[in-house]
Amino acid sequence: MKAALLWKLLERFSVQGSQFIIQVFLARLLSPEHYGALAIMMIVVNLANVVIQNGFNTALIQNKDANDEDFSSVFWLVLGISCYVYVGLWYIAPHMASFYNMAYLVNPFRVICLMMIPGALNSVQLAIIRKNMDFKKEFTSNLVSIVISGFIGITCAYIGLGLWALVVQTLLNTTISCFTMWKVVGWRPSFIFNSNRVKVLFSYGYKLVLAGVIDTLYGNLSAFVIGAKYSSASLGYYARGNQFPAALMGAINSAVQSVMLPALSIIQDNKKEFKLLMRKSITLSCYVVFLLMAILAGIAKPMVSLVLTDKWLPCVPYIQIFCFTYAFWPVHTNNLQAINALGRSDIFLKLEVIKKVIGLSALAFAVYYYDDPISIAGMGIVTAITSSFINCYPNKYLLDYSYFEQMKDLLPYSILALTTCLIELLIVTYIDNSIIAMVLAIIGGTLFYVFVSSLSKLEAYMFIYEKIIALIRGK
């Protein structure tokens, strides 16, 4: 498991790091309106991908008895669904463009939707990788795809293709990843389709599909409202503000999610060991995430000014808001993966419905009483706190690991992270030079975080410290 987590973290951080550099170049060449248009199109594409991939992919990982017949059956099913969905999206393209009053979106939307087909081809390959926790292969394919697609995307932006540069880069990233993963994984589907086995997997997976649809609809609803009610530039600032913390959080969250589900599924019958592994995962991931989110929130203004130029400064409040929102994600992920590993996708679905009802109410409140994009984003903090309680609640009975026990474990880390963020904000407020402010804030904040962790002998810090010392000594 340790090697798997290391490879997954390496894959996520290398890919997200490369993506960050690529997006810096693209953001300097393109406008907020271009990113707003991309965000509008990706709302529909992301929703379609959930329907095509999510449920069966997770069902293959969770089912200890899944065999090649299951993998092949799912492969042909998701490929057929992806082609069917693409045809439907082709025909709705003019209606979507008309709704947003952006006639130029029709052809870019039809092209970017093609990414669903290689994504479907990849879904079973990814399930095999994650079931076997062989993340070295995912590292290879994803890094190759992001570098090649990024270079081509930047070239397209440089020669003045505008929105098409983002479309080309996004589509190529998925397509190249598909071809490289097809090569490195080596699995090929058999010409088999067992409807009875599909039904067994569907009985588990359909609840996850529904939960994923609900989650994706809700997750993109704020962007949908901002794009429809305000300007595409406002949506561009919102999307860009989300992108930085999402990239950092995505690297860690994806690693935890990919490793924890198969790891917990293996020990699902040993509740004591199950709880210990889950608790360690929550504390370690939160310890790292809290520091990263605190640093990013603190340096947001000089970072945007220096890296993206001043035209992107309106996205700074969004970055800071999303940092607080994403800080709760390790709690969500670990609790939900524990529920999935126990085979309780019924509980997973119920939780998603409850959370989204609360989230929709919060969004409606923000739109009605405040009517501005910042307030809409800010409601995400409220729903993140509420959702953490809802996600934890079932594990009080399933694992005897209650919300209050989890919050007690995380309280020292959250106080330390908030203090670190305040120190960084003070540094960047009183230093005008963006480079110096960023460097001092990052170094000062990190040293403070580590020093207090060491002084307090925080559990997560001591675990990481002992592992580093053991590696240095070759143990």
Worked check of side-chain contact (heavy atoms from CB on, under 4.5 Å) between Arg240 and Val304: CA-CA 10 Å; Arg240 175 59 62 189; Val304 169; over 6 Å; no
Kindly assign one of parallel, tilted or perpendicular to the pair Tyr393 and Phe389, based on the angle between their ring planes and the thresholds 30° and 60°. tilted
Using the ring-ring contact (aromatic ring centres under 6.0 Å, His included) definition, which of the options Tyr287, Phe290, Tyr461 pairs with Tyr413? Tyr287
Just to verify, which of Thr175, Leu172, Asn173 counts as forming a side-chain contact (heavy atoms from CB on, under 4.5 Å) with Pro118? Thr175
Just verifying a value: how many Å separate Leu313 CG and Tyr237 OH, rounded to the nearest 0.5 Å? 9.0 Å
Quick one: pull up CD1 in Ile347 and CG in Asn395 and give me the separation to the nearest 0.5 Å. 8.0 Å
d(Glu405 CD, Leu410 CG) to nearest 0.5 Å is 11.0 Å
Between Cys421 and Gly298, the two heavy atoms sitting closest are SG-N, 4.2 Å
Donor-acceptor under 3.5 Å (Thr283 side chain, Lys280 main chain): yes
What I'd like to find out is whether the side chain of Phe244 reaches to under 4.5 Å of the side chain of Leu308, using heavy atoms alone. yes
When every non-hydrogen atom of Pro32 is compared with those of Trp312, the smallest separation belongs to CA-CH2, 3.4 Å
CD1 of Ile374 to CE of Met379, rounded to nearest 0.5 Å, is 13.0 Å
Full working for side-chain contact (heavy atoms from CB on, under 4.5 Å) between Thr386 and Lys355: CA-CA 8 Å; Thr386 307; Lys355 288 183 296 183; over 6 Å; no
Rounded to the nearest 0.5 Å, how far does CG of Leu235 lie from CG of Leu38? 9.5 Å
What heavy-atom pair brings Lys301 and Val316 nearest, and what distance separates the two atoms? CA-CG2, 3.8 Å
Could you check Met407 against Val331 for side-chain contact (heavy atoms from CB on, under 4.5 Å), going step by step and ending with a plain yes or no? CA-CA 9 Å; Met407 292 303 106; Val331 179; 4.2 Å; yes
Heavy-atom pair of closest approach, residues Arg110 and Tyr86: O-OH, 2.8 Å
Nearest atoms (heavy-atom pairs only) where Cys113 meets Val45: SG-CG2, 3.9 Å
Give me the atom names and distance for the closest heavy-atom approach of Thr420 to Gly445. CG2-O, 3.4 Å
I'd like to know whether Ile146 forms a side-chain contact (heavy atoms from CB on, under 4.5 Å) with Gln169, so could you lay out the CA-CA distance, the side-chain angles of the two residues, the decisive distance to 0.1 Å, and finally the verdict. CA-CA 9 Å; Ile146 193 65; Gln169 193 264 331; 3.8 Å; yes
Taking side-chain contact (heavy atoms from CB on, under 4.5 Å) as the criterion, tell me which of Ile282, Asn391, Leu284 meets it with Asn334. Ile282
Is there side-chain contact between Leu416 and Leu458, with at least one heavy-atom pair below 4.5 Å? yes
So, the side chain of Ser361 versus the backbone of Val357: is there a donor-acceptor pair under 3.5 Å, distance only? yes
Measure the spacing between CZ of Phe324 and CD1 of Ile385 and express it to the nearest 0.5 Å. 10.0 Å
Between Thr170 and Leu166, is there a donor-acceptor pair closer than 3.5 Å when you use the side chain of the first and the backbone of the second? yes
Does Phe322 form a ring-ring contact (aromatic ring centres under 6.0 Å, His included) with Tyr238? I'd like the steps, not just the answer. CA-CA 10 Å; Phe322 282 118; Tyr238 176 93; 5.3 Å; yes
